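Quick caveat, the model's predicted, so the values are computed rather than measured. Position 1 is the first residue of the sequence; numbering continues from there.
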Amino acid sequence: MYLSTSRASDIAGNTPAPKGPVRAVPGTVFALGLVSLVTDVSAEMVTAVLPLYLMAGLGMSPLAFGALDGLHQGATAVLRLAGGRIADRTRRHKLVAGTGYALSAACKAALLAVTTPWSVAAVLAADRTGKGLRTAPRDALISLSVPPGEQGRAFGVHRAMDTAGALLGPLAAFGVLWVAVDGYEAVFTVSCCVAVLGVVLLALFVREAPPPATAPATAPAAAPARAARPAPPPVRTLLRLPGLRGLCLTAAVLGLFTVGDAFLYLLLQRRLDLPAAYFPLLPVGTAAVFLLAALPVGRLADRLGRRRVFLGGHVLLLGAALLLLAPVPAGAPLVFGVLAALGLFYAATDGVLMAAAGPLLPAGLRTTGLAVLQTAQALARFAGSLLFGSAWTLWGPGVALGLAATGLLLSLVAVAVFGGTRAERPS
């Protein structure tokens, strides 16, 4: 179910990782990591205060917040496809990604002008539009910069730098809330300035991906010169590529029962009775674990298999949910356990999923294919957030989390059964 030709993809894309000291990654990967670091400082400053700002400050209900969190996760799925197809048609990955980064920066400024829950939601939807446009072109730039056998390492380096920003963002929000009189507006102002810096870094230091060195193997030998840059095929054609359909199905099935980290932080804050000023520190623990684990887990995925590591990450997420449900005393062990499991979950799934998909896709269709996969996962998480918010509203947070954990467990079992040894054999 997960990869119909998982072992075949390992042969094509999981060649043994280089041994010895870790070599430097290409400049494009490092530059994009720097852009993501700065941009994530900006984004996570807002994300760290958003749950309390909306639910405690503006009075949004859990159901409404679930809808908004789902929008945050998946309502821009169509934009992911649009960004991917535009980038593949024009071969302007940097321009499409830059447009997305610039739109998100503008939305940080717009947060200063809105004061009602749904006007905030509209601005966040536009911000997610920017993220939807930039994610697939950015990941395609990374994937096209390294050979197939080093995809996990390259994405691990990028995600580690990205997560350094996710670590610094909540700390910056905490510092601003600690010293500012009008804390939320000050957070949004600083966030906007940092986002603009990210756009400048992208424009100055990121290079466009070079065109494919050779024509695709499936192209006719006598194809005319003007057909050297064909338009991307329909999405249904991409889904016929070996392994991609199974990858999309598994990402969607597991994504449907992936509880958003914002909900987990709210549940943890309730268990701890944590003051609002300290709430932004919760994502810091997750980001710190993600930062430390991203590169080692990426290299492990190159060696052990990206499928196994991806599924193992969801087992860790299930562990975080079970810890919150268990009668564990509200103290340091609970906090460290939940945040460590959540950080390892992101390290084992975020970049690893893209690394698994990259070698399955021809260079000229890399962005569109990654966008299809991201869209499948995002739509599932959108639906999952709506379901979780509805269950919280109807039956309370404990029942909602229990249902989500049960669904995730059953999904993992289904993936293991239907994607078992048959999916591991070479085609």
Checking T258, L353, L247, V253 against Q377 for side-chain contact (heavy atoms from CB on, under 4.5 Å), the one that qualifies is L353
Fit a plane to each ring of Y346 and F290, take the angle between them on a 0 to 90° scale, and name the class: parallel (under 30°), tilted (30 to 60°) or perpendicular (over 60°). parallel
Listed partners of L323 passing side-chain contact (heavy atoms from CB on, under 4.5 Å), at least two apart: V328, L334, V338
Can you give me the closest heavy-atom contact between V176 and M45, atom names plus distance? CG2-CE, 4.3 Å
Looking at side-chain heavy atoms only, is the closest gap between M354 and Q151 below 4.5 Å? no
Nearest heavy-atom pair of A301 and V309: which atoms, and what distance? CA-CG2, 3.7 Å
Return all side-chain donor-acceptor pairs below 3.5 angstrom for residues 163-175, not counting sequence neighbours, or 'none' if the list is empty.
| from | atom 1 | to | atom 2 | distance (Å) |
| --- | --- | --- | --- | --- |
| T163 | OG1 | R159 | O | 2.5 |

Applying side chain to side chain contact (heavy atoms under 4.5 Å, CB included) to L274 and L282, what does each step give before you reach the verdict? CA-CA 10 Å; L274 193 68; L282 294 178; 4.1 Å; yes
If you apply the rule side chain to side chain contact (heavy atoms under 4.5 Å, CB included), what do you find for L317 with L342, and how did you get there? CA-CA 6 Å; L317 178 64; L342 192 56; 3.9 Å; yes
Keeping R271 on the side-chain end and L324 on the backbone end, is there a donor-acceptor pair under 3.5 Å? yes
For residues 26-35, which residue pairs qualify under side-chain hydrogen bond (donor to acceptor under 3.5 Å, both in side chains), counting only residues two or more places apart or in two chains? none
Taken to the nearest 0.5 Å, the spacing of L311 CG from T250 OG1 works out to 7.0 Å
Apply side-chain contact (heavy atoms from CB on, under 4.5 Å) to L344 and list each qualifying residue two or more places apart in sequence or on a separate chain. V289, A293, L316
Point-to-point distance, once rounded to the nearest 0.5 Å, from CZ of R153 to CZ of R303: 10.0 Å
I need the full list of side-chain hydrogen bond (donor to acceptor under 3.5 Å, both in side chains) pairs touching residues 30-39, with sequence neighbours left out, sorted by first then second residue. S36-H158
Value rounded to 0.5 Å, distance of CG in L300 from CG in L295: 11.0 Å
Within the distance-only criterion (no hydrogens, no angle test), does the side chain of K108 pair as donor or acceptor with the backbone N or O of A43 below 3.5 angstrom? no
Looking only at heavy atoms, the pair that brings G83 and T367 closest together is O-CG2, 4.5 Å
Which value, rounded to the nearest 0.5 Å, describes the distance between L373 atom CG and L249 atom CG? 10.5 Å
Of the non-hydrogen atoms in G331 and L272, which two are nearest, and what is the gap between them? N-CD2, 4.1 Å
Heavy atoms only: give me the nearest G152-D302 pair and the separation to one decimal. N-OD1, 3.0 Å
Please report the closest heavy-atom contact between P397 and L267, naming both atoms and the distance. CB-CD2, 3.2 Å
Which residues pass the side-chain contact (heavy atoms from CB on, under 4.5 Å) test with F205, not counting sequence neighbours? A31, L201
Rounded to the nearest 0.5 Å, what separates atom CE in M161 from atom CG in L32? 9.5 Å
Salt bridge (charged side-chain N to carboxylate O under 4.0 Å, His left out) pairs, two or more places apart, involving residues 362-379: none
Please evaluate residues S104 and R134 with respect to the criterion side chain to side chain contact (heavy atoms under 4.5 Å, CB included), reporting the C-alpha separation (whole Å), side-chain torsions for both, the decisive distance (0.1 Å), and the verdict. CA-CA 10 Å; S104 292; R134 71 180 185 248; 2.8 Å; yes
T286: side chain to side chain donor-acceptor pair (under 3.5 Å) partners, not counting sequence neighbours: Y265
Residue pair F345 / D261, side-chain heavy-atom distance below 4.5 Å: no
List for me each residue that meets side-chain contact (heavy atoms from CB on, under 4.5 Å) alongside S119, sequence neighbours excluded, and say none if there are none. V114, T116
F155 side chain reached by D139 side chain, heavy atoms, under 4.5 Å: yes
List the steps, then state whether side chain to side chain contact (heavy atoms under 4.5 Å, CB included) holds for H93 with L144. CA-CA 11 Å; H93 303 80; L144 291 168; 4.2 Å; yes
Applying ring-ring contact (aromatic ring centres under 6.0 Å, His included), name anything that partners F257, two or more places apart in sequence or on another chain. none
To the nearest 0.5 Å, atom OG1 of T406 lies from atom CG of L318 at 8.5 Å
Hey, can you pull the donor-acceptor pairs under 3.5 Å for the side chains in residues 186-200, sequence neighbours left out?
| from | atom 1 | to | atom 2 | distance (Å) |
| --- | --- | --- | --- | --- |
| T189 | OG1 | E185 | O | 2.9 |
| S191 | OG | S42 | O | 2.8 |
| S191 | OG | S42 | OG | 2.9 |

Under the 3.5 angstrom rule, does the side chain of D162 hit a backbone N or O of D40 as a donor-acceptor pair? no
By the salt bridge (charged side-chain N to carboxylate O under 4.0 Å, His left out) test, which pairs, at least two apart or in different chains, include something from residues 320-341? none
